[in-house]
There are 2 protein chains.
Amino acid sequence: MRIGELSERTRTSPRSLRYYEQQGLLTSDREHNGYRDYGANAVATVQTIRSLIEIGLPTALVKEVLPCTVGEKSEAACPELLARIAALREDVRSRAERLKDVETALGSYLEANSR
Amino acid sequence: MRIGELSERTRTSPRSLRYYEQQGLLTSDREHNGYRDYGANAVATVQTIRSLIEIGLPTALVKEVLPCTVGEKSEAACPELLARIAALREDVRSRAERLKDVETALGSYLEANSR
DNA sequence: CTTGACCTTGACGTTGATGTCAGACTTTAC
DNA sequence: GTAAAGTCTGACATCAACGTCAAGGTCAAG
């Protein structure tokens with residue numbers, strides 16, 4: 001599919017799609033005319049990318065965790081990468097925990113102020 | 001306390017402290033010479049602000065939830081504000097959930113690739 | 001009274017994830 | 001064939017949350 005179709009199906013601007021590609025998060029073939037040509041899995045990939053970015057991960061981190069989310073066994077699972085991923089996971093866990101705390105605080109506030 | 005002391009005690013740059021004040025997140029009195037004068041509670045306030053920003057909330061949202069985190073009953077708990085806070089809470093909950101998902105995905109990846 | 005540390009405001013620089021626009025080519029519809 | 005719509009690259013614009021620097025006021029120490 002071309003960039004316009006992918007853009008519609010993921011509700012993501014062509015500009016962002018090109019940016020993701022430039023950052024190495026997304027790949028595409030090229031038609032004879034130079035137009036980008038995406039496979040069907042691109043839709044899922046873009047949705048994952050957007051989720052990760054939306055929760056606050058910078059593209060550099062997204063690039064690292066992206067291969068992990070497809071759930072395949074990687075060939076080059078060197079210990080360094082595993083350690084990096086583990087640290088990332090801890091970072092994410094910490095963020096989630098603090099968000100949970102904020103949610104709880106907001107909940108308490110709501111309860112205390114709903115009569 | 002002056003801005004230098006608050007800066008040290010919160011490990012936050014004076015620039016950021018002034019920025020928070022400009023955004024309406026932080027208040028200060030002024031000494032006769034124009035120097036900012038912070039109360040003791042400013043330390044806790046700044047730490048809360050930094051936590052919220054660090055987990056990805058923009059200052060505009062921080063400004064809204066900040067009064068809720070001090071846990072006092074607000075006088076002006078109009079229904080609109082409560083609805084706004086409830087929506088915020090839902091947003092935060094959603095973010096936390098997706099972060100949890102990412103953490104789980106990373107955990108699965110680590111488990112699958114640790115021998 | 002001067003030096004140095006601290007404070008002030010104001011302005012410009014930076015980074016990440018885009019928006020937007022220009023200029024050119026391709027494809028599609030008529 | 002011509003116009004409209006889609007795509008390309010490249011460049012400049014934006015926004016938040018700062019960093020950094022300039023020019024000047026304040027104050028304790030020598």
Side-chain angles (χ1 to χ4, degrees), chain A residues 1-39 42-43 45-66 88 91-92 95 98-99 102, chain B residues 1-39 42-43 45-66 88 91-92 95 98-99 102:
Chain A
M1 98 196 63
R2 310 223 271 225
I3 202 171
E5 187 180 346
L6 181 59
S7 171
E8 279 188 5
R9 292 174 52 175
T10 60
R11 286 202 275 253
T12 302
S13 74
R15 174 67 173 89
S16 293
L17 295 176
R18 298 194 189 103
Y19 176 72
Y20 298 155
E21 181 169 333
Q22 186 189 334
Q23 299 302 309
L25 310 182
L26 189 60
T27 58
S28 65
D29 291 339
R30 294 296 179 130
E31 295 176 9
H32 65 287
N33 50 17
Y35 286 14
R36 266 164 265 253
D37 183 21
Y38 298 95
V43 174
T45 301
V46 171
Q47 280 163 350
T48 302
I49 291 172
R50 294 201 56 97
S51 277
L52 294 176
I53 286 181
E54 194 185 349
I55 61 182
L57 300 190
T59 52
L61 294 197
V62 173
K63 188 176 176 181
E64 291 195 58
V65 309
L66 206 48
L88 257 175
D91 178 56
V92 169
R95 287 190 201 217
R98 279 174 296 176
L99 273 178
V102 173
Chain B
M1 107 193 58
R2 310 221 273 224
I3 202 173
E5 186 179 345
L6 182 59
S7 172
E8 279 188 6
R9 290 175 53 174
T10 60
R11 288 202 276 251
T12 302
S13 73
R15 175 66 173 90
S16 294
L17 295 177
R18 296 194 189 102
Y19 177 72
Y20 297 153
E21 182 169 332
Q22 186 190 333
Q23 300 303 308
L25 310 182
L26 189 60
T27 58
S28 65
D29 292 339
R30 294 298 178 125
E31 296 177 9
H32 65 287
N33 50 20
Y35 287 14
R36 265 164 263 256
D37 183 22
Y38 297 97
V43 174
T45 302
V46 171
Q47 281 163 351
T48 302
I49 292 172
R50 294 201 57 100
S51 278
L52 295 176
I53 286 181
E54 194 186 349
I55 62 184
L57 301 190
T59 52
L61 294 197
V62 173
K63 187 175 175 181
E64 290 195 60
V65 309
L66 206 48
L88 258 175
D91 177 57
V92 168
R95 288 191 198 215
R98 279 175 296 176
L99 273 177
V102 173

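First the proteins, then the strands, lettered A, B, ... as listed; each starts at 1.
Within 3.5 Å, no donor on the side chain of A:Tyr35 pairs with an acceptor on the base of D:dC8, nor the reverse.
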Exercise. Between B:Tyr20 and B:Val62, is a side chain to side chain contact (heavy atoms under 4.5 Å, CB included) present by the stated rule, with each step listed?
Worked result: CA-CA 10 Å; B:Tyr20 297 153; B:Val62 173; over 6 Å; no

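With rounding to whole Å, A:Ile49 atom CD1 is found 13 Å from C:dA17 atom C1'. At whole-Å resolution of the value, CG in B:Leu52 and C1' in D:dA17 are 15 Å apart. As a whole-Å value, the separation of A:Leu26 CG from C:dA17 P is 15 Å. Following rounding to the nearest Å, B:Lys63 (NZ) and D:dA17 (C1') show an atom-to-atom distance of 16 Å. Note: CE (A:Met1) to P (D:dT7) measures 12 Å, nearest angstrom. The nearest whole Å value for the distance from the CZ atom in A:Arg18 to the P atom in D:dG10 is 12 Å. As a whole-Å value, the separation of A:Glu54 CD from C:dG16 C1' is 16 Å. Summarising the geometry, the separation between CG on A:Leu57 and P on C:dT15 is reported as 21 Å, rounded to the nearest angstrom.
A salt bridge (charged side-chain N to carboxylate O under 4.0 Å, His left out) with A:Glu21 holds for exactly one of A:Arg15, A:Lys63, A:Arg30; it is A:Arg30.
Going from atom CD1 of A:Ile53 over to atom CD of A:Gln23 covers 9.0 Å, rounded to the nearest 0.5 Å. Between the CG atom of B:Leu99 and the CG atom of A:Leu99 there is a distance of 6.0 Å, given to the nearest 0.5 Å. Taking OG1 of A:Thr48 as the reference point, atom CG of A:Leu25 lies at 11.0 Å (rounded to 0.5 Å).
Of the listed nucleotides (D:dC8, C:dG19, D:dC18), C:dG19 has the atom at the smallest distance from the side chain of A:Ser16. The A:Arg15 side chain lies nearest to D:dA11 when the options are D:dA11, D:dT9, D:dC27. Nearest nucleotide to the B:Ile3 side chain, out of D:dT20, C:dT8, C:dG19: C:dT8. Among the nucleotides C:dC7, D:dT26, D:dC8, the one closest to any side-chain atom of B:Arg2 is C:dC7.
A:Arg30 comes within 4.0 angstrom of the backbone, heavy atoms only, and of no base.
An OP1 or OP2 oxygen of D:dG25 is reached within less than 4.0 angstrom by no side-chain nitrogen or oxygen of B:His32.
Map B:Tyr19 and B:Asn33 each onto its nearest nucleotide of DNA chain D; the residue landing nearer the 5' end is B:Tyr19. Nearer the 5' end of DNA chain C, as judged by each residue's closest nucleotide, is the contact made by A:Pro14, out of A:Glu31 and A:Pro14.
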